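Working notes, beginning with the structure itself.
By convention in this document, chain letters (A, B, ...) are assigned in the order of the sequence lines, proteins followed by strands, and residues within each chain are numbered from 1. In what follows, every heavy atom counts, from backbone to side chain, and hydrogens, waters and symmetry copies are set aside. Given the structure is predicted, the values throughout are model-derived calculations rather than measurements.
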Number of protein chains: 2
Amino acid sequence: MATSTAAARREQERSDYNAYLAECPSHNLLAQISSKWITLLLSALAGGSMRYSNLSRAIPSVSQKMLTQSLRTMERDGLLTRTVTAAVPVRVDYELTTLGRSLNVLMTQVKNWAESNMDNVYDARRGYDEREVEDPIAALNRRG
Amino acid sequence: MATSTAAARREQERSDYNAYLAECPSHNLLAQISSKWITLLLSALAGGSMRYSNLSRAIPSVSQKMLTQSLRTMERDGLLTRTVTAAVPVRVDYELTTLGRSLNVLMTQVKNWAESNMDNVYDARRGYDEREVEDPIAALNRRG
DNA sequence: CAGCATCCACATTGATACTG
DNA sequence: CAGTATCAATGTGGATGCTG
């Protein structure tokens, strides 16, 4: 019965920790803001307010669905404001809040890091992939 | 023929931009590093080198699959080193590189932002969700 | 101990068509 | 113009079993 108990205990532990992580709000938030579109929208809106169609053109790879969805999420999280102007046709403007701008500062830094270190990363990848080819040698070494 | 041409042009534009985005290496990199597990692994390894089993225990919610996969990605990108010690049983240590540590500095800032602003975000969400309930009024206003 | 291979469930995303 | 609704494809991650 020992083994089945061990398995049960493992499962219990994992379940506990999952609950802990699911609770952890800062982690959820981190996951949200590091989403692909959020990042792009932050920098698109960094220069000031933009209309829906402007955003759509600024980030042409985004579908209406994801654009709307991301904007709604950001609005809900207080990162931007959505202003509807009653006219024909309707006009909707999006603008970063103070909170949104403060986040953008950080994300810009991360983006800059990515741009600055791209070459390092790509070199590392090339090196890694080449090493993969000569793996047999590593295997020999491992056998002493 | 005007409409079909417009559609074709749109598609062409989108295709062009997609190619542009797919090329954009800093964006790819950004997507990679903002992955859930990468973030956790960075902070787990911030204190120094760790063994595979240590990491597994430090981040209990990660499956072996994702742990291994994430570590390989980070190794490939030059964010950490993987050291195999031939012994029985085998021992594998992971340690952040200088590049990895420099990234961790930024990600820690973002993490801190998330922790500091959690309350703001949650308040905003509550406000948004409450406003949703009284949406009928907004609809009336919109009709002037 | 530190993985890899396989299968599978689910969430995310995209394409398409339609609307106030 | 600024969306909504729906369906299909894709990807991501987890569970399981096996290995050097």
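If you take CE of A:M50 and C1' of D:dC1, they are 15 Å apart, rounded to a whole angstrom. As a whole-Å value, the separation of B:Q69 CD from C:dT6 C1' is 14 Å. If you take CD1 of A:I59 and P of C:dG14, they are 12 Å apart, rounded to a whole angstrom. The distance from atom CG of B:L55 to atom P of C:dC1 is 14 Å, rounded to the nearest whole Å. Between the CE atom of A:M66 and the P atom of D:dG11 there is a distance of 15 Å, given to the nearest Å. Here the P atom of nucleotide D:dA2 and the CG atom of A:L67 are 10 Å apart, to the nearest Å. The separation between B:R91 atom CZ and C:dG3 atom C1' is 16 Å, rounded to whole Å. Taking atom CG of B:D93 as the reference point, atom C1' of C:dG3 lies 15 Å away to the nearest angstrom.
Side chain of A:S43 to main chain of A:L40: a donor-acceptor pair is present (N/O by atom type, distance under 3.5 Å, no hydrogens or angles). A:R51 places no side-chain N or O within 3.5 Å of a backbone atom of A:R91 that could act as its donor or acceptor partner. Side chain of B:S56 to backbone of B:Y52: no donor-acceptor contact under 3.5 angstrom is found.
Distance from the side chain of B:T68 is smallest to C:dC4 among C:dG14, C:dC4, D:dC1. Which of D:dG13, C:dG3, D:dA2 sits closest to the side chain of B:Y94 comes down to C:dG3. For B:R72, taking side-chain heavy atoms from C-beta onward, the closest of the listed nucleotides D:dG3, C:dG3, C:dG14 is C:dG3. Among D:dG13, D:dA2, C:dG14, the nucleotide with an atom closest to any side-chain atom of A:R51 is D:dA2. With distances taken from any side-chain atom of B:Q64 to the nucleotides D:dT16, C:dA2, D:dT4, the minimum falls on D:dT16. In the set D:dA2, C:dC4, C:dG14, D:dA2 carries the atom at the smallest distance from any side-chain atom of A:R82.
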- Message: Under the criterion salt bridge (charged side-chain N to carboxylate O under 4.0 Å, His left out), I'd like the reasoning laid out for B:D123 against B:R126: C-alpha separation, chi angles, the key distance, then a yes or no.
- Response: CA-CA 5 Å; B:D123 285 353; B:R126 233 192 328 276; 2.5 Å; yes
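In this structure, A:V92 and B:V90 both approach DNA chain D, and ranking their closest nucleotides by distance from the 5' end singles out A:V92. Nearer to the 5' terminus of DNA chain C, by closest-nucleotide assignment, is the contact made by A:K65 (compared with the other of A:K65 and A:P89).
Annotation for A:L42 and A:M107: closest pair CD1-CG, 3.9 Å, computed over non-hydrogen atoms.
Within the structure, a side-chain polar atom (N or O) of B:S53 is placed less than 4.0 Å from OP1 or OP2 of C:dA2.
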